Amino acid sequence: MLRQIFFEIQAECPHTRARAGLLHTAHGVIETPVFMPVGTQATVKGLNQRQLAEELGARLILANTYHLYLRPGHELIRHLGGLHKFMSWPNAILTDSGGFQVFSLSGLRKISEEGVAFQSHLNGDLHHFSPESTVDAQLAFGSDILMALDECPEYPVSHEYARESMYRTVRWARRANNHFRRRIAEMTSRHALFPIVQGSMFPDLRRECAIALLDLDSDGYAVGGVSVGEPRPLSLGMVEATEPILPRDRPRYAMGVGMPDELPQYVARGIDMMDCVLPTRNARNGYLFTSEGRLIIKHAQYRDDARPLDPNCSCYTCKSYTRAYLRHLFLSGEILYASLATLHNIRRYMDVMREIRCAILANSFLQYLNDAAQTSGSVSDLHPGDSNG
Ligand SMILES: [Zn+2]
């Protein structure tokens, strides 16, 4: 099958697994590695689409199948011309499969070979997701990149449960893939479906899952089930176990990661795409990421601080306002605070990704990685294969 999206590698780091590339989609070209702002309800909370596209330069955002399926419904979105038109977003959209939210948000749920039955967290109504129905919902959205339905086990689970669950995720991915290929054969628009590597915190299961999913010859692969409460070295270890098996010429997406100082760590392990709610959620809660570390805006020390939030940031918030003013807005519960804080936090993530990409292209990524680890005080040593869960 012809590639629906095309991944072009521009540079590879000779010392790590990092690479810089271009992801060609029907809604534009995306520079990788890329951080995707999370727009759960077809909106990145606190920002409008012009800020996202023009001020922040976002080329790819994530929206949430579970939430949009429940409300307003995929058929309504399809009727209104698809998600791009519905939310007035000109660039690319990735939608998750809904699996993660079914397992983390919904009330009663029952997993069977057929799929998962669950109760809406909004009103208790019963619904059912199958590998086929979540592909249909995501095609109704018109997503550029769809994710196959998976089971994301909580942490920790037994090896036995993780294996059983992983085999089911592989069977679901095959069904999703077969259905997807039938559906897009009748369509003129271009979409890609990524299967998700699971296997909890067991490297042997991760490898087995990745090998099984290679048969699907997908346009990209995701590593899911990380960032579910496990210690950070374990998440990185799961990526290390998986990544060498995945095809070099396809993008790899680590789902739900991470903190700003983790971004280069994942890139060093061969990851091209990431998403995380932290920059948006933390912004609203008063936790701001700066080039000098984390800043908690409510602290009294900022009461009369006339400096910008981050002197090294050129976002509108940092160019225009003082820490004292942002603290005042936060303590007063003003709407403007959430907007200004989110704008800055997303900008910080985008800046980190730009720095990473530039470093890979300039063949100085290892230096960048070491400098970043020293600044953040985190452990950066790469020891592929020693993180057995
Ligand atoms: Zn800023």
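The first residue of the sequence shown is numbered 1, and numbering continues consecutively from there. What you see is a predicted model, and the numbers here were worked out from it, not measured in a lab.
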Heavy-atom pair of closest approach, residues [X] and [Y]:
X    : Y    : answer
G225 : C152 : CA-SG, 3.7 Å
N345 : L288 : OD1-CA, 3.4 Å
S133 : H128 : OG-O, 3.9 Å
D204 : H159 : OD2-NE2, 2.9 Å
E12  : I9   : CG-CG2, 3.8 Å
W89  : I93  : CD1-CG1, 3.5 Å

Honestly curious: do [X] and [Y] fall in one hydrophobic cluster under the side-chain, below-4.5 Å linking rule?
X    : Y    : result
I145 : M255 : yes
L329 : I346 : yes
Y349 : Y368 : yes
Y316 : L52  : yes
L47  : L68  : yes

Within a strict 4.5 Å, meaning less than it, do heavy atoms of the [X] and [Y] side chains meet?
X    : Y    : value
L205 : E208 : yes
L126 : Q119 : yes
L22  : Q10  : yes
D272 : R19  : yes
P247 : L214 : yes
L326 : R323 : no

If only atom types and distance count, is the side chain of [X] paired as donor or acceptor with the main-chain N or O of [Y] below 3.5 Å?
X    : Y    : answer
S339 : L336 : no
T134 : P131 : yes
R109 : A117 : no
N285 : Y287 : no
R252 : G270 : yes
Q265 : E262 : no
H344 : F289 : yes
S130 : G115 : no
Q4   : D219 : no
R327 : K298 : yes

So, are [X] and [Y] salt-bridged, with charged N and O less than 4.0 Å apart?
X    : Y    : result
R232 : D261 : yes
D351 : R354 : yes
R175 : E114 : yes
E75  : R78  : yes

Among side-chain atoms of [X] and [Y], is any donor-acceptor pair under 3.5 angstrom?
X    : Y    : result
E230 : S235 : yes
D310 : S291 : yes
S314 : R347 : yes
H67  : Q101 : no
D136 : H74  : no

| message | Below 30° counts as parallel, above 60° as perpendicular, anything between as tilted: where do the rings of Y325 and H328 land? | response |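 Because their plane-to-plane angle lies in the 30° to 60° range, the rings of Y325 and H328 count as tilted.
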Rounded distance (nearest 0.5 Å) linking atom [atom1] of [X] with atom [atom2] of [Y]:
X   : Y    : atom1 : atom2 : answer
L60 : T25  : CG    : OG1   : 7.5 Å
K45 : R284 : NZ    : CZ    : 6.0 Å
L62 : M36  : CG    : CE    : 5.5 Å

| Pairs touching residues 357-375 that satisfy salt bridge (charged side-chain N to carboxylate O under 4.0 Å, His left out), sequence neighbours left out |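 For residues 357-375: E31-R357.
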| message | Name the residue from D96, T65, D144 that meets the side chain to side chain contact (heavy atoms under 4.5 Å, CB included) definition with Q138. | response | T65
| request: Give the C-alpha distance, both sets of side-chain angles, the deciding distance and a yes or no for salt bridge (Lys or Arg N to Asp or Glu O under 4.0 Å) between R250 and D217. | output: CA-CA 10 Å; R250 316 286 159 85; D217 190 24; 2.9 Å; yes
| Members besides Y69 in its Ile/Leu/Val/Met/Phe/Trp/Tyr cluster (side-chain heavy atoms under 4.5 Å) | Y66, L70, V102, F103, L105, I111, V116, F118, L122, F129, L149, V157, Y161, W172
Using residues 191-202 as the side-chain source, report each donor-acceptor pair under 3.5 Å to any protein atom, sequence neighbours left out, with the distance given to one decimal.
| residue | atom | partner | partner atom | Å |
| --- | --- | --- | --- | --- |
| H191 | ND1 | S143 | O | 2.6 |
| H191 | NE2 | S189 | OG | 2.8 |
| Q198 | NE2 | D150 | OD2 | 2.6 |

